[in-house]
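Worksheet: the structure to be examined is printed underneath.
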Amino acid sequence: MFLFFLSLLMTGAYVMYRYYREEKSQQEQFAELEEWENNPIPSLAPENVNNPDWMGWLKIKGSSISYPIMQKEGDGEYYLHRDFYGNYSFYGTPFLDERCTPDSDNCIIYGHNINGRRMFGALHAYDSVEYYQNHPEIYFRAGEEKREYRIVSVIHADTLFPAYFFTDVGNWEEYRDYADMILSNSLYETELGEQMKKKRNEETTEQFFQKYQFLTLSTCRSWVGRNARLLVVAARERQNAE
């Protein structure tokens, strides 16, 4: 019996060490990539920096959110449990929904909620309106374009929530309905959300159509249920909007 429990203890310790080692490696990888992102000196380029799946960078100032964003053609969940270089990783690498392009009406980005509010788990701080007030912007480099989005909504949802079906729409009514859904389900009112509601009420459906591009960050709420999700939704006014 003693040997049995000793074996369990040793197995548990090995698993914990393996996860620690993997997390440390992942953190070092992200730090190296972030340094390159901020100061792209060719001589200091990380291995495989030309990975064609690397399509952008996501950052929320004053938080731990600062990650490369990936998208694998033909395999929408490729980076769910892979690191930047394609090796297995429990932590994965945040990735853009395979249905989206950088120009989609709503760019959906997924990331794991790791215990201790690591990776996209840090987004759960947005349950607090005070945290939102101190971190209202999300920065997203999509290709060569550096974008700034402002948070419009923080939503407790599940995997069937309509926002997951909002990527690109082709008519005025559907776009407005999705915008209404995002605004009406927020845990609290945001500054841009209030402005957006005002414009929505002042303008015709045609005038409001595609005025904003949305960015949705999605992670799980595993302690609530397997399908529970947190969505942090931001938006920016399109440059060609009238």
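Checking Asn106 against Tyr178 by side-chain atom types alone, no donor-acceptor pair falls below 3.5 Å. Residues Gln210 and Asp105 have side chains that bring a donor and an acceptor to within less than 3.5 angstrom of each other.
Tyr88 and Met119 fall within a single hydrophobic cluster, where Ile, Leu, Val, Met, Phe, Trp and Tyr side chains are chained together by heavy-atom contacts under 4.5 Å.
A distance of 7.5 Å separates OG in Ser184 from NZ in Lys197, rounded to the nearest 0.5 Å. Separation of atoms CD (Glu34) and CG (Asn38) is listed at 5.5 Å; rounding is to 0.5 Å.
Scanning all heavy atoms of the two residues, the minimum distance from Phe30 to Pro68 falls at CD2-CD, 3.6 Å.
In this structure, His112 and His81 have parallel ring planes: the angle between them is below the 30° cut-off, well short of the 60° mark.
Just one residue in the list Asn113, Thr219, Val224 forms a side chain to side chain contact (heavy atoms under 4.5 Å, CB included) with Leu230, and that residue is Thr219. Between Tyr126 and the choices Phe120, Tyr131, Tyr132, the ring pair (Phe, Tyr, Trp, His ring centres under 6.0 Å) rule is met once, by Tyr131.
The pair Glu194-Lys198 does not count as a salt bridge, with every side-chain nitrogen at least 4.0 angstrom from each carboxylate oxygen. Between Glu203 and Lys211 a salt bridge is recorded (basic side-chain N to carboxylate O distance below 4.0 Å).
Geometric assessment of Lys61 against the ring of Tyr139 yields a positive cation-pi assignment under the 6.0 Å and 45° thresholds.
Judged by distance alone, the side chain of Gln213 and the main-chain N or O of Pro102 form a donor-acceptor pair under 3.5 Å.
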